[in-house]
Each structure stands twice: as structure tokens, then as C-alpha cells.
2 protein chains.
Amino acid sequence: MASLTVENYLKAILQLAAATNSEWISTGQLATSLSVAPGTVTSMLKTLSESGLAAYKPYEGVCLTKAGRTLALRVLRRHRLLELFLVKTLSLTWDQVHAEAENMEHSVSDMLIERIDEYLGRPETDPHGDPIPSADGLMRGNATAAVPLSTCQALSKVRIVRVLNQQPDFLRYLSETGLEPGATALVELNSMEGGLISAKVGRKTVSLGHQAAEQLLVETVPQ
Amino acid sequence: MASLTVENYLKAILQLAAATNSEWISTGQLATSLSVAPGTVTSMLKTLSESGLAAYKPYEGVCLTKAGRTLALRVLRRHRLLELFLVKTLSLTWDQVHAEAENMEHSVSDMLIERIDEYLGRPETDPHGDPIPSADGLMRGNATAAVPLSTCQALSKVRIVRVLNQQPDFLRYLSETGLEPGATALVELNSMEGGLISAKVGRKTVSLGHQAAEQLLVETVPQ
DNA sequence: CAAATAGTTTTGACTGGTCAAAAAAACGAG
DNA sequence: CTCGTTTTTTTGACCAGTCAAAACTATTTG
């Protein structure tokens with residue numbers, strides 16, 4: 001059984017890889033992401049390498065092996081199913097569940113996760129629109145052509161499908177303005193120079209900085 | 001924050017104290033109950049003592065302080081609310097939830113427990129009939145005069161209110177025979193010599209050894 | 001009451017995870 | 001290409017939790 005710590009390292013590698021579009025992750029990136037000293041990461045990477053969960057090249061970085069990737073996806077699956085489960089059963093808001101699931105994801109059995117999956121009707125995505133890896137350890141779907149809101153032309157009509165940033169404050173702001181997964185919006189302005197984008201959602205117009213808009217993935221809706 | 005290990009030691013002390021009706025618990029009892037070497041217990045007891053969670057007298061044993069008792073009850077509260085929550089939402093059977101809650105009880109926030117408590121309608125007992133400590137760290141109720149089934153006279157009518165043993169196999173056997181909390185039974189025979197007790201539950205008659213019957217707490221029902 | 005036994009504590013050692021600080025390697029700018 | 005900066009690794013240390021086995025204390029029993 002992989003320890004809680006190992007699970008967290010694997011998950012961090014997986015998510016950094018996804019966020020940066022590159023298999024290999026540096027020691028420093030991991031140290032920052034896990035809030036741990038660089039030396040600690042180095043020693044853990046050797047451990048992961050020895051147990052066949054990651055490939056580690058000194059001074060180059062680390063990359064998950066098949067086994068490591070599968071394990072990381074299992075953790076992610078637990079995390080996302082737990083998030084959705086808490087939202088559905090206890091009506092928690094989506095900004096509350098991330099931290100909660102972070103703790104619980106290491107202490108629920110496969111049996112329980114299977115029951116939750118069944119209860120929820122085998123969902124494909126969690127409350128943030130993040131895809132839920134399948135039980136056999138594969139990251140599925142994601143076939144939809146989602147693009148960052150920041151790249152959308154004025155006058156395009158879009159549906160929000162995913163929010164990358166999980167910070168509670170940010171999520172609460174999105175809730176207040178109605179920019180939740182599933183909602184549709186009409187882009188009214190996208191100004192490179194001003195570094196902001198405005199969209200009409202419901203009857204209100206919302207403006208976001210580009211940095212924030214990059215965190216929202218949308219798909220265009222035929223008008 | 002108390003570590004997972006500290007929480008488990010405190011909980012074990014509390015439960016051994018309840019099971020043996022004595023404040024003071026010996027090193028050996030704890031070692032057995034936690035499946036750990038006696039020496040390990042000794043060193044942990046010193047730690048607990050230093051952090052003011054338990055009073056430790058060498059060669060005598062250990063006893064929870066007020067603070068330790070409160071913390072232990074909080075863990076127990078989390079455990080029992082989780083059990084009930086899993087039974088209610090996912091229709092798990094009561095023999096499945098104990099092990100699951102054992103793992104989860106250390107990784108759920110107070111906020112989540114409060115929401116679960118609310119969702120369940122502030123229940124007083126878990127699926128085994130064990131009382132749920134209140135949010136302010138008190139073991140409540142238990143005022144009902146529950147006695148072991150093994151002490152009941154023939155012809156008395158009883159309602160099962162609590163099952164002390166949490167072993168899945170035992171619980172599954174109880175389910176099969178209908179001896180679950182809430183069920184009523186008519187004692188037909190209680191033989192000291194034979195060491196067994198028979199009761200009619202539903203339309204079937206069930207026989208139990210005295211040792212098993214001690215694990216079932218019942219209250220007598222006016223006929 | 002003394003000797004045997006049962007229970008407890010001490011000792012020394014180990015693992016997993018962590019840090020700070022020193023040493024080494026890689027990189028980038030002139 | 002070389003010097004200085006950044007990044008990474010090494011080193012040595014620490015803490016929590018654990019064990020096995022030796023030393024010790026308490027209890028029972030002959």
C-alpha cells in the first residue's frame with residue numbers, strides 16, 4: 001500500500017504534468033507545489049523510483065511510470081468522486097469540498113468509492129468540471145474541445161465546462177457572478193490591451209482579468 | 001492537532017474504560033487492543049501524559065484527563081456519525097461501515113461532521129445502537145436501562161437497543177437472524193447450564209451462546 | 001517469605017518523512 | 001568560454017512511531 005505521502009507526490013506530479021503539458025517535472029516545481037524543501041523532494045523521488053512508480057533522472061526531473069500514473073489516477077478518482085458526493089448529499093458548495101476531499105481521499109476503500117460511483121450514476125466530471133478517471137485507471141473523455149475563456153472572440157456564445165483553479169475565494173466569486181460549469185455566457189468584449197474580458201451571463205455583465213479567464217475552460221455554443 | 005495515532009490511543013483508552021467499567025487501563029490491555037508492542041504503549045503514554053491528555057502512573061496504568069476524554073469523544077462522535085451517514089446515503093450494511101469509519105474518522109473536518117449531523121437530523125445513536133457523543137464533547141443519554149440479553153428471564157419480551165461487538169461476521173449473523181437494534185424478541189429459554197439462550201424473533205426461534213448474548217443490550221418491553 | 005511467573009519499562013535500533021545548510025551541477029550573460 | 005546565479009543534490013540531524021529483547025517490578029504461589 002502506498003503511503004499517504006507517496007500518493008500525494010504522485011498526484012502532484014500528475015497534476016503538474018497536466019498543467020504544464022510536459023511529462024517531466026522538476027524537483028523545484030514539486031517542492032513548491034507540495035510546500036516542502038527541495039532536498040525532501042529529491043529523496044522522495046529516489047524512493048518513488050525504487051518502487052517503480054516514477055522515473056527519476058538527477059538534475060532533469062521526474063516522470064510517472066505506468067504504475068505510478070495508474071495509482072495517481074486512482075487518487076484523483078477518489079478525490080473527484082468524493083467532491084461530487086459531498087456536494088450532492090450534503091449540499092456543500094463547490095468551494096468547500098476541495099479541501100475536504102483532499103483529506104479524505106487517502107482513507108476511503110475501493111469498495112466505498114465503487115458505491116459512491118454507483119450512487120452518483122457513474123458521473124464523468126466533478127463539480128468543477130474536472131473529468132473523473134475511470135475505475136480501471138484511465139483518464140477518460142476530455143474529447144470536447146474546451147478552450148480557455150481568455151481566447152474567446154467577442155460575440156461568441158460559450159458554455160463553461162471546467163474551472164481549473166480550486167481556490168475557495170475564486171470559486172465563491174464565480175458562484176456569485178453565475179460563472180459555474182454548465183452556465184452559458186455571451187462574450188461582449190475581449191481586450192488584449194486592457195487585459196480583460198467581459199461576458200454577459202444571465203442579465204448581468206461580468207468582467208474578468210485575463211489571468212482569471214484562463215482558468216475557465218469553455219466550449220462554443222452554436223448560436 | 002492531535003495525530004492520527006494519538007487519536008487512536010485516546011479512543012482505545014475510552015472504549016476499554018467503558019468496556020471494563022474502570023477508569024484506569026493497563027499498558028497490556030492497550031497493547032492488545034491496538035495490536036502494538038507493550039513498550040510502544042509505554043512510550044506513547046508518556047507522550048500523552050506530557051501533552052496533558054492522560055494521567056499515567058508507571059506500573060499502574062493510564063486514565064484520560066478531561067481534555068483527553070473530550071478529544072476521544074470527538075473521535076467517537078465522528079466515527080459514529082460517519083457510520084450512520086454511510087448506511088443512510090449509500091445503503092451500506094452495518095457490518096460494512098465500522099472498518100470504513102475507522103479510517104475516515106481522522107480525516108474529516110468539524111464542519112463536515114456538523115453538516116452530516118444536521119443532514120441526519122441530530123441522531124442519538126449509530127446503526128449499532130451506540131450513543132453518539134454530542135458536539136460539545138459529552139457522552140449523552142444512555143439513560144435507558146439496557147441490560148445484556150444474557151441476563152433476561154424466559155418469557156420476557158425485549159427490544160434490542162445496542163450491539164457491543166462490531167465484528168462483521170457477528171453482525172452479519174445478527175442481520176440474518178433478525179436480531180438488529182429496534183427488533184423485539186420473546187425470550188423462550190435461558191439456560192445457565194446449557195450456556196445458551198433462545199428467543200423468538202419474528203416467526204423464527206434463534207439460539208445464542210451466553211457469550212454472544214452478552215454482546216446484545218436490550219430493554220424490556222411491557223407486554 | 002522466597003521463588004517463579006506475569007506484566008511493565010528501558011534500551012537500542014530502525015523506518016519514513018522532514019529540514020537547514022553545505023556542496024555540486026547546470027545555466028545564462030557578458 | 002568563464003564567472004555568477006539558480007537549481008539540485010548531499011549531508012547530517014531530527015521527530016514520531018514502531019519493535020525485540022533485556023532489565024526491572026509486581027504478584028502469585030508453594
Side-chain angles (χ1 to χ4, degrees), chain A residues 1-13 16-17 19-20 22-64 67-68 71-72 75 102-103 105-107, chain B residues 1-13 16-17 19-20 22-64 67-68 71-72 75 102-103 105-107:
Chain A
M1 259 296 85
S3 74
L4 177 154
T5 315
V6 166
E7 286 191 352
N8 277 334
Y9 274 80
L10 295 178
K11 195 180 62 160
I13 296 170
L16 283 173
T20 62
S22 72
E23 298 259 289
W24 290 84
I25 299 301
S26 75
T27 303
Q29 284 177 295
L30 267 174
T32 311
S33 151
L34 292 165
S35 304
V36 126
T40 306
V41 173
T42 300
S43 73
M44 177 53 83
L45 293 188
K46 288 178 187 166
T47 307
L48 293 183
S49 179
E50 275 161 25
S51 32
L53 295 169
Y56 167 56
K57 296 191 195 163
Y59 294 103
E60 300 231 339
V62 69
C63 165
L64 293 178
L71 220 173
V75 178
E102 202 78 7
N103 297 325
E105 68 190 7
H106 308 290
S107 52
Chain B
M1 260 296 89
S3 72
L4 174 156
T5 315
V6 167
E7 287 191 351
N8 277 333
Y9 274 80
L10 295 177
K11 195 181 60 161
I13 296 171
L16 283 173
T20 62
S22 73
E23 297 258 290
W24 292 84
I25 298 301
S26 73
T27 303
Q29 285 177 294
L30 266 176
T32 312
S33 151
L34 293 166
S35 304
V36 126
T40 307
V41 172
T42 300
S43 72
M44 178 53 84
L45 293 188
K46 289 178 187 166
T47 307
L48 293 182
S49 179
E50 276 161 25
S51 33
L53 296 169
Y56 167 56
K57 296 188 194 164
Y59 293 101
E60 301 231 339
V62 70
C63 164
L64 292 178
L71 221 172
V75 178
E102 202 78 5
N103 297 325
E105 69 191 6
H106 308 289
S107 52

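Order of the sequence lines fixes the chain letters, A, B, ..., with proteins taken first and strands second; residue numbering starts at 1 for each chain.
The distance between atom CD of B:Q29 and atom P of C:dT8, rounded to the nearest whole Å, is 8 Å. Between the NZ atom of B:K57 and the C1' atom of C:dT8 there is a distance of 16 Å, rounded to whole Å.
Among the nucleotides D:dT18, C:dC19, D:dT9, the one closest to any side-chain atom of A:A37 is C:dC19. Of the candidates C:dT18, D:dT18, C:dT9, C:dT18 carries the atom nearest the A:S43 side chain, counting heavy atoms from C-beta on. Comparing atom distances between the A:T42 side chain and each of D:dT8, C:dC19, C:dT9 picks out D:dT8 as nearest. Of the candidates D:dT8, C:dC19, C:dT9, the closest approach to any side-chain atom of A:V36 belongs to C:dC19.
Look at A:T5 and you'll find a side-chain N or O under 4.0 angstrom from OP1 or OP2 of C:dG17. Close to D:dT18, at under 4.0 Å from its OP1 or OP2, lies a side-chain N or O of B:Y9. For B:K46, a side-chain nitrogen or oxygen approaches OP1 or OP2 of C:dT10 to under 4.0 Å.
Between the side chains of A:N8 and A:H106, at least one donor N or O lies within less than 3.5 Å of an accepting N or O. One side chain, A:S107 or B:S107, offers a donor N or O that lies under 3.5 Å from an acceptor on the other.
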Protein-nucleotides 21-29 of chain C N/O pairs closer than 3.5 Å?
unit_1	atom_1	unit_2	atom_2	d
C:dA25	O4'	A:Y59	OH	3.3

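For A:M44 and B:S26, each mapped to the nucleotide of DNA chain C holding its nearest heavy atom, the one lying further toward the 5' end belongs to B:S26.
Nearest heavy-atom pair, A:T27 versus A:P38, reported as atom, atom and distance to 0.1 Å: CG2-O, 3.7 Å.
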